[in-house]
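The next block holds one structure in the form of structure tokens; read it before the comments.
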Amino acid sequence: MPASSSIDTSGLRLEFTRHGAQALATARTTLATLPQQPADLISSSVLNGSEGRPAWHMLSRLGAQGRDAPATAAAEFLQAEHARMVEWTEQLIASSEQPLDIIHLGAGGSETPMLALHTALSVLQAPRCRVHWVANLDGATLDAALGASDPARTWVLINSKSFRTQEVMRNAESVVQWLQGHLGAPEARKRLVALTANAEAAHQRFGMPMAQVFRSLPEIGGRFSLWSAHGMALLLAFGSDAVAELHAGALDMDRHFLDTPLGASAPGLLAGLSHAYRVRFGLPLLSIGLYGDAFAHMPLYLQQLLMESLGKSTSADGLQPVAVSGPAVISGVGTPVQHTYFQLLHQAAVPVFHEIVAVARPWHARHAEHLALLSNALGQADALWNGKDASSWQRELMQQGMPAAEALRAAHHRACPGGRPSTFIWLRELGPRQLGALLALYEHRTVVEGWLYGINPFDQWGVELGKTLATRIEQALLTRDTQGLSDETAASIDYLRQQLAS
């Protein structure tokens with residue numbers, strides 16, 4: 001594989017292989033023209049124009065500081081709320097002689113990053129409580145969580161920034177009914193915890209004690225929210241020291257991002273390279289391969305972070321169409337993912353670029369297996385770029401004794417064109433600090449890439465339309481009134497009503 005340039009920061013190493021040199025040069029040139037700068041994220045600058053808000057997720061990190069008075073006040077509020085949350089969670093854990101059951105009700109950004117980190121941290125230390133994750137409107141999942149929980153030791157985290165998220169509110173109502181059936185209404189209310197930017201709605205809807213409403217801010221987008229009160233499940237499961245290390249890693253990356261010119265910083269170059277591959281070189285698909293089962297739930301989070309942020313077709317001011325925005329993202333855990341979609345990466349007529357996330361030092365005693373895992377990560381990147389053409393395969397097959405005509409046919413089936421570039425993101429070791437830095441790297445990369453496309457990476461209005469229609473369709477399923485719905489949807493509703501009635 002070609003030699004590479006690299007950046008070492010925050011316990012991570014980014015390797016930009018030489019075959020990406022032209023794209024890197026394009027990235028640096030484009031980054032130099034950006035009107036937005038990292039420091040805007042710790043100021044009161046309105047970066048989320050469609051909602052008229054700053055973007056303050058960086059201020060959630062422990063030790064973060066604002067650049068102006070409103071941002072400084074926001075940072076102080078968030079860190080004071082974190083301190084209150086630490087005190088409450090530690091008292092709760094200390095008061096129980098047996099492990100607690102935590103039913104976590106969230107959706108999207110109020111679930112995916114927390115679950116991803118819970119999975120990764122669980123390979124390093126045993127969780128102090130049992131967390132049952134419920135996100136979907138799937139009754140079987142909810143029943144499984146309730147069946148695995150002891151009501152006498154159950155606490156419920158209702159995790160919703162707006163406290164209006166349909167899936168979360170519906171599941172919360174079901175869990176509250178279950179708790180009330182076992183404990184009675186007064187005691188059930190005492191077991192509810194709200195993680196939200198809408199504290200008044202949380203208190204009014206379920207009557208929970210205000211001391212158990214932990215607040216974030218509307219200026220923190222859901223997919224950037226795990227550092228705020230929305231990340232309570234991690235405090236309960238792993239304690240304040242582990243979470244402080246997560247924050248420290250993220251803050252390390254923040255400082256690198258703030259203090260380094262975009263054309264030399266890890267997030268800036270990762271964003272600029274992706275933008276160059278997408279816009280200049282026309283590569284529509286990004287693959288992110290994460291090597292190690294500690295990352296088992298990271299792909300869904302990275303897909304949400306990137307595609308919900310960058311899947312836009314309107315400029316940030318809402319006045320111009322945008323011809324090209326972020327890539328489609330496919331992601332999975334290696335080596336198993338090599339047996340799923342890597343066939344497409346190597347041989348399909350779809351130009352792709354690839355990012356590989358791997359850990360240099362093993363987090364277990366099986367060094368031979370770890371070396372084999374890393375060899376697969378390196379081998380896939382080498383094969384993606386260099387490939388192996390049909391003539392090389394034909395010569396090799398003929399040397400093995402295959403007739404020329406047969407070898408030619410077989411060679412075309414085996415040929416891989418190559419030319420698929422890769423970027424490596426190495427964690428020096430697997431630990432909370434490195435994981436915090438990794439997630440902050442991807443957050444910053446996503447924001448900068450959105451700026452490069454000229455879009456708003458902080459809103460997600462496309463998600464809202466389907467939610468609105470779902471509410472209308474649910475009423476139609478109950479009442480038969482399909483007026484105003486499309487003919488196709490009305491036909492499906494008619495079929496479903498027949499099936500549900502039989």
>> What verdict does the ring-ring contact (aromatic ring centres under 6.0 Å, His included) test give for His57 and Trp227, after you've listed the backbone C-alpha separation in whole Å, the side-chain angles of each residue and the deciding distance to 0.1 Å?
In response: CA-CA 7 Å; His57 52 279; Trp227 316 98; 9.3 Å; no
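- With contacts defined as side-chain heavy-atom distances shorter than 4.5 Å, the pair Pro432/Leu124 qualifies.
- Closest non-hydrogen pair, Ala107 versus Val168, comes out as N-CG2, 3.8 Å.
- Proximity of Met169 to Ser160: side-chain heavy atoms (C-beta onward) are separated by under 4.5 Å at one or more points.
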>> What verdict does the side-chain hydrogen bond (donor to acceptor under 3.5 Å, both in side chains) test give for Ser44 and Asp68, after you've listed the backbone C-alpha separation in whole Å, the side-chain angles of each residue and the deciding distance to 0.1 Å?
In response: CA-CA 7 Å; Ser44 53; Asp68 55 27; 2.8 Å; yes
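- Annotation for Asp40 and Leu47: closest pair O-CD1, 3.7 Å, computed over non-hydrogen atoms.
- No donor-acceptor distance shorter than 3.5 angstrom exists from the side chain of Arg255 to the backbone of Ser10, with no hydrogens or angles considered.
- Under a 3.5 Å cut-off, the side chain of Asp252 and the backbone N or O of Ala437 do not form any donor-acceptor pair.
- When side chains are defined from C-beta on, Ile102 does not count as touching Val156, because their heavy atoms never get closer than 4.5 Å.
- Checked by atom type and distance alone, the side chain of Gln37 never pairs as donor or acceptor with a backbone atom of Pro261 at under 3.5 Å.
- In terms of heavy-atom proximity, Ile455 sits nearest to Ser325 at CD1-CB, 4.4 Å.
- Under a 3.5 Å cut-off, the side chain of Lys161 and the backbone N or O of Ile220 do form a donor-acceptor pair.
- Summarising the local packing, CZ of Arg170 is surrounded by 12 or fewer heavy atoms from other residues, nucleotides or ligands at distances under 6.0 Å.
- The six-membered or imidazole ring of Tyr301 lies away from that of Tyr442, with a centre-to-centre distance of 6.0 Å or more.
- With rounding to the nearest 0.5 Å, the separation of OG in Ser274 from CD in Glu449 is 3.5 Å.
- Glu76 places no side-chain N or O within donor-acceptor distance of the main-chain N or O of Ala73, the cut-off being under 3.5 Å.
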> Does the salt bridge (Lys or Arg N to Asp or Glu O under 4.0 Å) test come out yes or no for Arg84 and Glu87, once each step is laid out?
Replying inline: CA-CA 5 Å; Arg84 186 170 75 89; Glu87 181 180 9; over 6 Å; no
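- Side-chain contact between Gln65 and Ile42 is absent, with no heavy-atom pair separated by less than 4.5 Å.
- Applying the salt bridge (charged side-chain N to carboxylate O under 4.0 Å, His left out) test to residues at least two apart or on different chains, the pairs with a partner in residues 114-128 are Glu90-Arg128.
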>> With side chain to side chain contact (heavy atoms under 4.5 Å, CB included) as the criterion, how do Phe353 and Leu285 come out once you've worked through the C-alpha distance, each side chain's angles and the decisive distance to 0.1 Å?
In response: CA-CA 7 Å; Phe353 58 108; Leu285 183 63; over 6 Å; no
> Given Phe224 and Phe458, is the ring-ring contact (aromatic ring centres under 6.0 Å, His included) satisfied, shown in steps?
Replying inline: CA-CA 9 Å; Phe224 302 93; Phe458 301 109; 5.7 Å; yes
>> For a side-chain hydrogen bond (donor to acceptor under 3.5 Å, both in side chains) check, start with the C-alpha distance between Asp317 and Ser315, then their side-chain angles and the critical distance, and finish with the verdict.
In response: CA-CA 5 Å; Asp317 61 11; Ser315 61; 2.5 Å; yes
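- Between the side chain of Ser265 and the main chain of Gly268, a donor-acceptor pair closer than 3.5 Å is present.
- Of the charged side-chain nitrogens involved, at least one lies within less than 4.0 Å of a carboxylate oxygen, so that Arg433 and Glu245 count as a salt-bridged pair.
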> Would Glu464 and Gln460 count as a side-chain hydrogen bond (donor to acceptor under 3.5 Å, both in side chains) if you check the C-alpha gap in whole Å, the side-chain angles of each, and the deciding distance to 0.1 Å?
Replying inline: CA-CA 7 Å; Glu464 303 304 320; Gln460 59 281 331; 4.6 Å; no
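- The minimum heavy-atom distance between Glu443 and Leu305, with the atom names listed, is N-CD2, 3.9 Å.
- Counting heavy atoms from C-beta outward, Pro267 and His256 have side chains that approach closer than 4.5 Å.
- Checked against ring pair (Phe, Tyr, Trp, His ring centres under 6.0 Å), His118 has the following partners two or more places apart in sequence or in another chain: Trp133, Phe238.
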>> Test ring-ring contact (aromatic ring centres under 6.0 Å, His included) on His354 and Phe342; report intermediate values, then the result.
In response: CA-CA 10 Å; His354 190 49; Phe342 269 48; 5.4 Å; yes
Residues 326-333, side-chain donor-acceptor partners within the protein, below 3.5 Å, at least two apart:
unit_1, atom_1, unit_2, atom_2, d
Ser331, OG, Ile288, O, 2.9

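- Side-chain atoms of Ser240 do not come within 3.5 Å of backbone N or O of Val86 as any donor-acceptor pair.
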> Can Glu355 and Thr423 be said to form a side-chain hydrogen bond (donor to acceptor under 3.5 Å, both in side chains), step by step?
Replying inline: CA-CA 5 Å; Glu355 291 172 8; Thr423 300; 5.7 Å; no
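- Looking at every heavy atom in both residues, Ser5 comes nearest to Leu24 through OG-CD1, 4.0 Å.
- Distance check, rounded to the nearest 0.5 Å: CG of Leu31 to CG of Leu262 gives 5.5 Å.
- Between Ile103 and Leu157, every side-chain heavy-atom pair lies at or beyond the 4.5 Å cut-off.
- Distance alone, capped at 3.5 Å, places no donor-acceptor pair between the Trp451 side chain and the Pro457 backbone.
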>> Quick one, Ile158 with Val193, criterion side chain to side chain contact (heavy atoms under 4.5 Å, CB included). Give me CA distance, side-chain angles, the key distance, then yes/no.
In response: CA-CA 6 Å; Ile158 306 174; Val193 180; over 6 Å; no
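- In this structure the side chain of Val352 never reaches within 4.5 angstrom of the side chain of Ser287, judged on heavy atoms.
- In this structure, CZ on Phe295 lies 9.5 Å from CG on Leu302, to the nearest 0.5 angstrom.
- Stacking of Arg13 on the aromatic ring of Trp426 is not recorded, the 6.0 Å distance cut-off and the 45° axial limit not both being met.
- Here ring pair (Phe, Tyr, Trp, His ring centres under 6.0 Å) pairs that include residues 197-216, with residues two or more places apart or in two chains, are Trp88-Phe214.
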>> Using the rule given for side chain to side chain contact (heavy atoms under 4.5 Å, CB included), can you reason through Leu469 versus Thr471, listing the C-alpha separation, both sets of side-chain angles and the distance that settles it, and then say yes or no?
In response: CA-CA 5 Å; Leu469 286 170; Thr471 301; over 6 Å; no
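- In terms of modelled atom types and a separation under 3.5 Å, the side chain of Asn159 and the main chain of Ser110 share a donor-acceptor contact.
- Contact detail for Met298 and Leu290: the closest heavy-atom pair is CG-CD2, 3.9 Å.
- Residues Trp155 and Thr89 form no side-chain contact, since every pair of their non-hydrogen atoms from C-beta on lies 4.5 Å or further apart.
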> Please walk me through it: do Ser309 and Thr446 pass side chain to side chain contact (heavy atoms under 4.5 Å, CB included)?
Replying inline: CA-CA 7 Å; Ser309 299; Thr446 301; 3.3 Å; yes
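- With hydrogens and angles disregarded, no donor-acceptor distance shorter than 3.5 Å links the side chain of Arg215 to the backbone of Ala199.
- Applying the salt bridge (charged side-chain N to carboxylate O under 4.0 Å, His left out) rule to pairs touching residues 293-312 yields Arg223-Glu308, Lys312-Asp459, sequence neighbours excluded.
- The side chain to side chain donor-acceptor pair (under 3.5 Å) analysis of residues 361-375, with sequence neighbours excluded, yields no pairs.
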